[in-house]
Asks: 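Starting off with a structure, shown below.
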Amino acid sequence: MKARYVAGAQLELLLDPDAALWSSAGSEHLKLEGTPLGMQPTDAIRSSWADKKIGAVAGVDVEALHDGRHLAFRLEWSDPTENRAVDDNDRFADAAAIALPSQEGSPLVTMGAPGLAVNAWYWRADDEDPGREVVSEGLGTTRTLDPPTVKCRGSWRAGRWRVVIARELRVESAEPVAQLTPGEATGFGIAIWDGGSSERAGLKAVSGFQWEILEIGAAKKGGEQA
Amino acid sequence: MTKSDRQLAMVLDLNKCIGCHTCSIACKRLWTRDEGMEYMWWNTVNTQPGRGTPRDWQEMGGGFRDGQALPGKLPTRGEFGDAWKFNHEEVFYGGKGEKAHLKPQGKDPHWGPNWDEDQGGGEYPNAYYFYLPRICNHCTHPACLEACPRKAIEKRQQDGIVVINEDRCRGYRFCMEACPYKKIYFNHAEKVSQKCIFCFPRIEQGVANACARQCPGRVRFVGYRDDQAAPIYKLVDKWKVALPLHPDYGTEPNVFYVPPIAPPSFDENGDLDPSKPRIPDEYLVSLFGPEVLEVLEVLKAEMAKKREGAESELMDLLIAYKWKEMFGGFDRDPATIEWTGS
């Protein structure tokens with residue numbers, strides 16, 4: 001998959017899930033699969049979910065754009081219920097995330113390993129100022145970084161979510177986050193949680209356990225579109 | 001599983017609980033006054049038999065059977081009995097004092113934590129009830145801790161108090177599903193799970209828990225399980241008259257109860273029949289396990305001794321002549337401490 005370069009796009013425009021420029025980005029459909037029951041980290045979760053389907057969302061349309069400074073993904077998937085508000089104890093919000101390897105060899109299947117971090121850009125429908133930058137070095141080790149560098153916006157209409165998740169290609173951080181360069185490729189993975197099915201934590205639909213490849217288009221001089 | 005070096009525990013004598021809720025209010029005022037905590041009662045007192053708080057919590061699953069985690073249900077705000085909002089503004093400041101009356105706003109509430117659960121059992125003249133105060137059991141085998149995928153729950157090494165680390169908690173609520181006692185709440189403002197902390201900031205200063213210290217009935221004993229000179233050890237391990245609630249849930253609670261002794265039943269002639277207790281044995285067994293029947297025998301025998309003027313260490317302990325001795329050394333007056341922080 002390719003993240004096409006668009007010159008001079010404002011972040012505001014990239015963040016608009018319904019902006020016209022997305023339709024020209026060229027989307028790719030990725031099938032999603034539920035995380036296996038055996039990989040759930042605790043006995044209690046495994047026993048609660050033994051007879052339930054994990055991974056309610058079957059597939060996602062993915063597009064990616066960058067303006068030389070920001071990389072933005074737009075995810076679009078079908079979800080009959082908009083779960084934005086966590087207004088009771090048994091309600092959970094819809095969420096989505098992009099996983100990126102922070103360095104070569106970071107394993108996606110375990111969300112990183114000690115010293116081999118996975119960086120996630122995370123959106124959740126109930127966050128007031130959505131967008132969390134997360135670093136993980138193994139299952140159950142995610143930590144959210146401060147200050148937030150990830151920007152997100154989601155819109156749900158007629159049974160479909162459209163969510164944009166964006167961050168600057170390079171950020172100043174002492175933490176092991178992905179540093180990206182136009183003209184180079186990165187691995188990526190996608191996870192979607194269906195709040196209406198009580199999905200949270202490791203209960204999610206994922207693009208797979210190996211990295212998908214994203215080529216980040218070279219930024220052209222002179223500002224014309226690539 | 002990590003075992004703590006020592007274990008703090010509590011014993012509650014159900015024969016002395018008058019259901020006054022001073023414990024609930026002491027806890028509420030101290031710990032759950034912030035936004036998002038309105039509906040929380042880390043300490044509850046329910047009338048037994050009854051559906052309890054949250055409603056029907058004993059049917060919600062969780063805990064362990066043969067060491068295996070069992071699926072559990074998430075109790076809703078309505079099942080806990082939500083914090084109702086009232087029309088105070090209208091009644092007190094709206095100029096309608098004569099006409100407007102206080103009533104909960106929004107959807108009609110269906111359940112309160114200290115109203116609808118007030119049931120009891122039996123038929124006149126043999127009706128019966130007793131009160132059951134509950135806090136987090138600070139279990140030796142905590143289902144909440146083991147359910148959390150983020151290791152956000154810790155059993156403190158020094159005293160076995162089970163605490164949720166709110167910096168690690170992501171609000172997934174697996175702990176709420178797993179706790180068979182349904183003593184964990186979700187804070188919708190902070191998006192984290194919260195529960196009884198056994199008043200550890202007081203404990204660390206030598207002060208007993210607020211629910212225990214404020215109890216007008218001298219119901220609650222506090223202390224280390226292994227302190228052989230203190231009441232907890234004597235009641236739980238020496239006299240063996242204090243039992244955990246629902247040992248069948250497999251979490252090994254560290255809150256214990258001295259079971260209630262009911263007066264005898266009336267027979268059809270209106271005479272007392274001492275062979276028939278008003279609270280059915282099977283009901284107490286369902287709560288405290290089969291050992292409860294032996295405990296009742298010990299309590300009755302010691303009561304009889306005392307009645308005849310003989311010595312009974314057990315009765316003297318339970319009467320709690322000396323209030324401060326109930327607290328296993330945690331008897332410092334909180335008013336003598338300069339508390340910092342908000």
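Note on naming: letters A, B, ... go to the chains in the order of the sequence lines (proteins, then strands), and numbering restarts at 1 for each one.
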Asks: State the SG-CD1 distance between Cys179(B) and Ile153(B), to the nearest 0.5 angstrom.
Replies: 9.0 Å
Asks: For a quick test of reading the model, state the closest non-hydrogen atom pair linking Trp77(A) to Gly59(A) and the distance between them.
Replies: CB-O, 3.6 Å
Asks: Do you know which two heavy atoms are closest between Ala210(B) and Cys199(B), and how far apart they sit?
Replies: N-SG, 3.4 Å
Asks: With a 4.5 angstrom heavy-atom cut-off, is it the side chain or the backbone of Phe64(B) that approaches chain A, or both, or neither?
Replies: neither
Asks: Answer yes if the side chains of Ser27(A) and Arg74(A) hold a donor-acceptor pair under 3.5 Å, and no otherwise.
Replies: no
Asks: I need the Glu33(A) CD to Ile54(A) CD1 distance, nearest 0.5 Å.
Replies: 11.5 Å
Asks: Give me a line-by-line list of donor-acceptor atom pairs from chain A to chain B that are under 3.5 Å apart, or tell me none exist.
Replies:
from      : atom 1 : to        : atom 2 : distance (Å)
Thr42(A)  : OG1    : Ala147(B) : O      : 2.9
Ser47(A)  : OG     : Ala69(B)  : O      : 3.2
Val86(A)  : O      : His188(B) : ND1    : 2.9
Asp88(A)  : OD1    : Arg77(B)  : N      : 2.8
Asn89(A)  : O      : Arg173(B) : NH1    : 2.7
Asn89(A)  : OD1    : Tyr39(B)  : OH     : 3.1
Asn89(A)  : OD1    : His188(B) : NE2    : 2.8
Asn89(A)  : ND2    : Tyr39(B)  : OH     : 3.3
Asn89(A)  : ND2    : Pro75(B)  : O      : 2.9
Arg91(A)  : O      : Arg173(B) : NH1    : 2.8
Arg91(A)  : O      : Arg173(B) : NH2    : 3.2
Asp126(A) : O      : Lys191(B) : NZ     : 3.1
Asp126(A) : OD2    : Lys191(B) : NZ     : 3.1
Gly140(A) : O      : Arg168(B) : NH2    : 3.1
Thr142(A) : O      : Arg150(B) : NH1    : 3.0
Thr142(A) : O      : Arg150(B) : NH2    : 2.6
Thr142(A) : OG1    : Arg150(B) : NH1    : 2.5
Thr144(A) : OG1    : Arg170(B) : NH2    : 3.2
Arg200(A) : NE     : Tyr172(B) : O      : 2.7
Arg200(A) : NH2    : Tyr172(B) : O      : 3.0
Arg200(A) : NH2    : Glu177(B) : OE2    : 3.2

Asks: Return the CD to CZ distance between Glu76(A) and Arg160(A), rounded to the nearest 0.5 Å.
Replies: 4.0 Å
